[in-house]
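Everything below concerns the one structure shown next.
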Amino acid sequence: MALTLYDTLSRKDHLLQPLDGRTLRFYCCGPTVYGPAHIGNFRTFVTQDVLRRVLEQGGLPTLHVRNLTDVDDKTIRDSQKAGQSLGEFTAFWTARFHADCRALNLLPPHHEPSAVAHIPHQVRMIETLIQRGHAYEAADGSVYFRVGSFANYGRLSHLEDRELKTGASQAQQSDEYSKDALADFALWKARRPEDGGNFWPSPWGEGRPGWHLECSAMALEYLGEEFDLHSGGIDLIFPHHENEIAQSCCSTSGNFARHWFHVAHLMVDGGKMSKSLGNLYTLEDLAQRGFSPAEVRYCLISGHYRTPLNFTLHSLQSAAAALGKLAKFRQGLCAITASHAPQSSNGPGPFAAAWSQLQADLNVPAALGAMFSVVNATRPAEINEAQAGALLDGLAFMTQALGLQLPEAQAQAPAQQAPAEILALAQQRWEAKAARDWPLADRLRQEVEAQGWVIKDHKTGFEVQPK
RNA sequence: GGCGAGGUAGCAAAGUGGUAAUGCACUGGUCUGCAAAACCGGUAUGCGCGGGUUCAAUUCCCGCCCUCGCCUCCA
């Protein structure tokens, strides 16, 4: 097991080796639970899941922490709109998120801490930062991190190379006039009228924690002052992760995350996903269009995680077909070695090339390509039971590593029964066919198809399926 | 304006200093009355454009064009 992963901080590939010599500890920035997560959000979570599965499949135990952001401007605003308490509101969307995660075959994190449940941890961290001179209380009771006090600020996002556009952001920040410097960010936000009942006590008065702080506090709590990997969507590099580094390094004696793992965005039809363009999809939207979560998962991992992936409904159809091809391959193998129970623990076997692609910066598309090369090179008629068994084991190993769930044999899907009139037409066609009246047979088939059904002939009869 | 990512067949997407994986779609064949399914094949002399280095470049270098993302609470 020698997984090499690109590290955003050093901009180089690194061999992943657990700091403690035993367990790879990693933190993932989770969702803000104020609505259904869309497939762009899930690209990140699915990729993190593949990373974890590959590590574990390679024999390296993991400790996986992913938070829930259950207090921020959006959760407060939308819970009020919904006429619910913040807790009720976020519990609802958390349940929905979990359901989607299960559907996508995501392994549950070992810890899934919520921001609201860790307010004391965050308050303690702020106190330390103030004591050490890295944070200050403003006139209104908010607390800010003094960016100028941390020399390494900007290393992750290469801020030193940037020229920040200041005009727009200054206007946006007009209510935060009390900051010492524009770049300083909120650790604690003083209570405002629009927060309603959503505030907590602190040494600086009532308020709530800033967004960046929760991840630092919870990573510290569950992973310690230094851990192996921190992950999230590429948009979080700045400012979220930059701020996390600053807070964490300044309030502990550790160096926070050793490596950083960022997932590129999902594009839709060549551009950004947005509600106004009508191209923002949730799992539910896609289910209504007849796509299973397994197919969505395949689609989301079918591009390399560091390259923007262009999602289209056509690419989803393509994913569905690809998954079906793997499923048929497996069925064919099962027919050869009926008694064999596939063992995913036997290693990649014939799929070693695919497995090694995953070790090289998680190259899933290359791994899938290598898998299909094995599929295409296999002649079911020419292999024996032992070979079929090895292929089955290797396939199970790979699908486990990628978290792919192959569709079962079609027989298991409940065959939709055609209406009597359709069946009658099909029966007429069968009789016409038996009478070798081809023009009539073809006309009847067309009629059936026009009504949305397809006739498939067998040796001794026919079946009618939805088109 | 700054920073970053990217432009490879109809669509999607790997990859490489020596001449382009893979999936879908398309297409030829086998099979079928014809189809469908299945199986066996085929399809980029080319990798945004123009230069340069090299025996050799899609791959390295320079310039240009275009797309996308981020630029203070978006995965």
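Chain letters run A, B, ... following the sequence lines, proteins first and then strands; every chain starts at 1.
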[N] [atom2] sits how many Å from [X] [atom1], rounded?
X	N	atom1	atom2	answer
A/Leu313	B/rA12	CG	P	13 Å
A/Glu382	B/rC39	CD	P	14 Å
A/His241	B/rC71	NE2	P	14 Å
A/Asp235	B/rG69	CG	P	12 Å
A/Phe291	B/rC24	CZ	P	15 Å
A/Met267	B/rU67	CE	P	12 Å
A/Glu244	B/rC74	CD	P	13 Å

May I ask you to verify if any side-chain N or O of [X] is less than 4.0 angstrom from the OP1 or OP2 atom of [N]?
X	N	result
A/Asn310	B/rG7	no
A/Asn363	B/rG15	yes
A/Lys74	B/rC74	yes
A/Lys325	B/rG23	yes
A/Lys456	B/rA35	no
A/Arg11	B/rG4	yes

Specify whether A/Phe150 and A/Phe145 have parallel, tilted or perpendicular ring planes, treating 30° as the upper limit for parallel and 60° as the lower limit for perpendicular. perpendicular

Check the angle between the aromatic planes of A/Phe256 and A/Trp260 and answer parallel, tilted or perpendicular using the 30° and 60° thresholds. tilted

Does either side chain, that of A/His38 or that of A/Thr282, offer a donor lying less than 3.5 Å from an acceptor on the other one? no

Check whether the side chains of A/Ser114 and A/Asp70 place a donor and an acceptor atom closer than 3.5 Å, and report yes or no. yes

Of A/Thr312 and A/Ser318, the one whose nearest nucleotide on RNA chain B sits closer to the 5' end is A/Thr312

Taking for each residue the nucleotide of RNA chain B with the nearest heavy atom, is it A/Thr378 or A/Arg436 whose nucleotide lies nearer the 5' end? A/Arg436

What interatomic distance, in whole Å, is found between [atom1] of [M] and the corresponding atom of [N]?
N	M	atom1	result
B/rG28	B/rG69	C1'	44 Å
B/rC39	B/rU32	C1'	14 Å
B/rU43	B/rA21	C1'	16 Å
B/rG52	B/rU58	P	13 Å
B/rC31	B/rC24	P	24 Å
B/rG48	B/rA12	P	15 Å
B/rU67	B/rA35	C1'	43 Å
B/rC3	B/rG51	C1'	28 Å

Side chain of [X] only, heavy atoms from C-beta on: which candidate in [options] is closest?
X	options	answer
A/Asn41	B/rA75, B/rC68, B/rA14	B/rA75
A/Leu236	B/rA75, B/rA21, B/rG41	B/rA75
A/Ala321	B/rA75, B/rC24, B/rA14	B/rC24
A/Ser315	B/rA75, B/rA5, B/rA12	B/rA12
A/Leu309	B/rG23, B/rA5, B/rA13	B/rA13
A/Ala441	B/rC70, B/rG6, B/rG33	B/rG33
A/Phe238	B/rC71, B/rG10, B/rA75	B/rC71

So what does [X] hit on the nucleic acid, given a heavy-atom distance under 4.0 Å: a base, only sugar-phosphate, or nothing?
X	value
A/Phe372	sugar-phosphate
A/Pro365	base
A/Gly210	nothing
A/Arg379	sugar-phosphate
A/His38	base
A/His265	base
A/Asp457	base

Answer with yes or no after comparing the ring centroid distance for A/Phe261 and A/Tyr305 against a 6.0 Å cut-off, counting only values under it. yes

Under 6.0 Å between ring centres, would you say that holds for A/Tyr27 and A/His111? no

Is there a donor and acceptor pair, one atom on the side chain of A/Asp442 and one on the base of B/rG33, closer than 3.5 Å? yes

With hydrogens left out and only the distance checked, is there a donor-acceptor pair under 3.5 Å joining A/Arg306's side chain and the base of B/rG69? no

Could you let me know what [N] is paired to, Watson-Crick or G-U wobble, both distances under 3.5 Å, or none if it's on its own?
N	answer
B/rU30	B/rA38
B/rU59	none
B/rC11	B/rG23

Knowing that exactly one of A/Trp188, A/Phe185, A/Tyr144, A/Phe238 qualifies, which makes a ring-ring contact (aromatic ring centres under 6.0 Å, His included) with A/His212? A/Phe185

Donor-acceptor contact present, side-chain A/Thr337 to main-chain A/Ala388, <3.5 Å: no

Check A/Val116, A/Ile76, A/Leu86, A/Asn198 against A/Arg208 for a side chain to side chain contact (heavy atoms under 4.5 Å, CB included) and give me the one that passes. A/Ile76

Does B/rG7 fall in syn (glycosidic angle within 90° of 0) or anti? anti

